[in-house]
Amino acid sequence: MSAKYNLSAGSLEIIMQGGKYPNPIMQILASKRINAGAADKERYRVVLSDSKNTISFAMLTTQVRDQVGPDVLEMYSVIQIDKYITSVIDNKAKGVGDARVLLILELKLIASGAEVGEKIGSPVQLTNDSSSSAPKTNVSNTNTNGTSTNSSVVYNKPATSNNPTPPMDTSENLSNQMTHPISSLSPYHNKWVIKARVTNKSSIRTWSNSRGEGKLFSLDLCDESGEIRLTGFKDMVDKFYDYVQVDKVYFISKCQLKSANKQYSTLKNDYEMTMTPETIIQECHDVDSSAIPQTKYDFVTIDKIANTEPNTIVDIIGVVKSVSDLQTFQAKSTGRELKKKDVTLVDQSKTAVALTLWGSEAESFDGTNNPVLVIKGARVTEFGGGKSLSTVSSSNIKVNPEMKECYRIRGWYDGEGANMDATNISARSGAGGFNTPWMSFKEVQDQNLGNADKGDYYQVMGTILLIRSENAMYKACPTPECNKKVIDLENGMYRCEKCNREFPNFKYRLLASMNVGDWSGNQWMSMFSSEVEKVLGQTSQEIGEQVEQNSEAMANIVDKCHFRQFILKCRAKMETYNDESRLKTVCIKVDPINYEEYNNHLIERIQQLIA
DNA sequence: CCCCCCCC
């Protein structure tokens, strides 16, 4: 029944001579795992047929295979190749001359091997001869993304080169050599030249540990096929750091390849490279170098961050909704002085997230006019049950870069996003993301809650028994997200120690201490402004204005709320103070009672008792 | 050969 699968007969001949053939349909006749080290570094060599010819040197990575599913490599399966690169590999050492390999970058499964069940046509092996007989100009690498209008990307270009003097032996001019796609690099062959754009250059960092000390820097490199990190240690810093510039394209060869430590790698490659004394880096001045892509992004929308594990590295694009002032403080662990700025980002998922910038990036960042921030390699962090982002040294930060995703989000923000309420996933609350089991206050006591590092969370249906009206309100820093109590300078100005600034204004905030009871007992807890407002049924500002008029107002407002009932989500944490440990409870969220939900919980408890 | 990435 294989007649119904129409393979792209003759396409291999064209492709393997460096020509273009968009979206060819091929059959897999055999596949073999090669260079298998760790399971996640597998590559596959595939025998491909277009029904007229076969080649036995097509390759794909595990990642590409996984885009489609593991079955794609079954014998006889029919695939459509949506993106590929061919590359000439120097095999003279093996006495077989140059060989062209086909590297599959994207594919679709048309029919499984089981469905097809047989070899289609009577293909014959495409000879090496036919691939090396290609004209020698402009053919070392061709690429197609499957569109018929797409032009070839010529990796090696020759002739005129006016490189500035590179900091190394120039007897070898790499611009006249065949180049290889980054995705074909592996520790298993070392004769290659890549033509890659530097998308990021780290600062120079020093280290000192039991194994020695030194300095290092790293470059993020990318080409049409992929990306890879290149690190230079010690002498290599002096040799290359100033020479190499971000956004320029270079010919690079003779680096050491090794497996990337996935825990720390922010680039999508199983390998990374280290400079050696033999390493050559030469700037490429080709007009065609514009075809080498800029930084590759794999954006996640902000709503997805809520369900992303802490320490995950993500690429993010968002509009700057607000920015804190620069904050300076001592790191507890190292004693070093740290500087940071907190940025609130929003995107079309109608979600907001806090992003922390550090050091000089924090100092120089200007968030006025709501710029679009694009970050490759931000780190997900967790704090108080909310998720946030933080830059790390390898993060690549761009403000309003010229790219289509940036224009799209700009349009959304200017059109509707600016006036939209966004869910803030960085808010410290037990509202989402983790489990808040129902508990009674007696159970909280009996089960010794509060010993977990980040505290224990629970929810309870409680009655407000007593709210302390003294000190329940304070004048706070007007900066959004700050909320620190200001010092009244008695001259019309208010000073925030945290922001290290004086303001002519302040905002009222509530911070209430209250005793809450349920059927089993009672518990003292504290509650922040947003939740106290729900209990008292008024905003902090409204309450503040009443208290300004009448100092007794607070006691009256509070009194009206006694014996009201709510669902309270609480965090309990054991704290030691003056050698005495006691359970500190913070109510992080107050909601009106949803009786259906609460009754379901009661019914469940009753059924547990019966069983 | 680094791989720390900070604070509430």
Side-chain angles (χ1 to χ4, degrees), chain A residues 200-220 229-237 241 255-267 271-277 279 310-314 324-344 354-363 375 377-397 424 426-429 453-455 476-477 479-485 496-500 511 528 571 573 575 584 586 588:
Chain A
N200 203 25
K201 178 167 87 167
S202 77
S203 54
I204 299 168
R205 198 172 76 243
T206 57
W207 85 89
S208 173
N209 58 30
S210 57
R211 280 164 300 202
E213 56 180 59
K215 59 183 175 181
L216 73 135
F217 79 109
S218 65
L219 301 170
D220 293 349
R229 181 164 72 163
L230 172 59
T231 304
F233 291 97
K234 299 174 181 176
D235 294 351
M236 297 304 120
V237 178
Y241 189 80
C255 302
Q256 172 108 47
L257 273 118
K258 60 170 188 172
S259 290
N261 189 337
K262 283 286 171 189
Q263 195 189 337
Y264 304 116
S265 69
T266 53
L267 300 187
Y271 305 110
E272 60 180 16
M273 306 199 291
T274 306
M275 295 172 195
T276 72
T279 292
N311 298 326
T312 308
I313 300 288
V314 295
S324 75
D325 285 316
L326 188 71
Q327 293 167 53
T328 305
F329 54 91
Q330 302 268 117
K332 273 191 176 145
S333 50
T334 60
R336 253 200 309 169
E337 189 188 73
L338 298 176
K339 291 190 172 116
K340 70 151 191 168
K341 232 175 227 181
D342 285 319
V343 176
T344 303
L355 165 82
T356 307
L357 300 173
W358 297 94
S360 57
E361 264 141 16
E363 286 180 297
I375 297 178
R379 190 168 173 269
V380 177
T381 64
E382 185 172 25
F383 178 64
K387 294 275 173 57
S388 304
L389 295 169
S390 180
T391 55
V392 293
S393 68
S394 57
S395 301
N396 183 353
I397 305 167
N424 192 332
S426 305
R428 285 176 252 169
S429 90
D453 258 7
K454 287 172 179 164
C477 176
T479 311
E481 328 272 334
C482 177
N483 302 335
K484 176 145 181 74
K485 185 175 179 173
C496 174
E497 292 287 349
K498 191 168 164 189
C499 297
N500 194 22
L511 177 58
F528 295 108
R571 181 178 59 233
K573 174 109 174 70
E575 289 195 347
K584 184 171 160 54
V586 178
I588 51 184

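So you know, we letter chains A, B, ... as the sequences are listed, proteins then strands, and number each from 1. Just so you know, these numbers use all the heavy atoms, side chains as well, and skip hydrogens, waters and symmetry mates.
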[X] [atom1] to [N] [atom2], straight-line distance once rounded to whole Å:
| X | N | atom1 | atom2 | value |
| --- | --- | --- | --- | --- |
| Met236(A) | dC2(B) | CE | C1' | 16 Å |
| Ile375(A) | dC5(B) | CD1 | P | 18 Å |
| Phe329(A) | dC7(B) | CZ | P | 7 Å |
| Leu338(A) | dC4(B) | CG | C1' | 11 Å |
| Leu355(A) | dC7(B) | CG | P | 17 Å |
| Asn500(A) | dC7(B) | CG | P | 20 Å |
| Leu257(A) | dC1(B) | CG | C1' | 16 Å |
| Gln330(A) | dC8(B) | CD | P | 11 Å |

Can the positive tip of Lys215(A) be found less than 6.0 Å from the middle of the six-membered ring of Phe233(A), inside 45° of the ring normal?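 No, Lys215(A) does not sit over the ring of Phe233(A).
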
Need one value for [X]: base, sugar-phosphate or nothing, where a base atom within 4.0 Å counts as base even if backbone is also close, heavy atoms only.
| X | value |
| --- | --- |
| Lys215(A) | nothing |
| Arg379(A) | sugar-phosphate |
| Lys234(A) | base |
| Glu337(A) | nothing |

Side chain of Tyr264(A) only, please: which of dC2(B), dC4(B), dC6(B) is the nearest? dC4(B)

Residue set satisfying side-chain contact (heavy atoms from CB on, under 4.5 Å) with Leu338(A), at least two apart, ordered chain then number -> Phe329(A), Ala331(A), Trp358(A)

Is any side-chain nitrogen or oxygen of Arg336(A) closer than 4.0 Å to OP1 or OP2 of dC4(B)?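 Checking dC4(B) against Arg336(A), no side-chain N or O comes under 4.0 Å of OP1 or OP2.
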
With the criterion set at under 5.5 Å between ring centres and under 30 degrees between planes, would dC8(B) be stacked on Phe383(A)?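 Stacked: ring centres under 5.5 Å, planes under 30°.
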
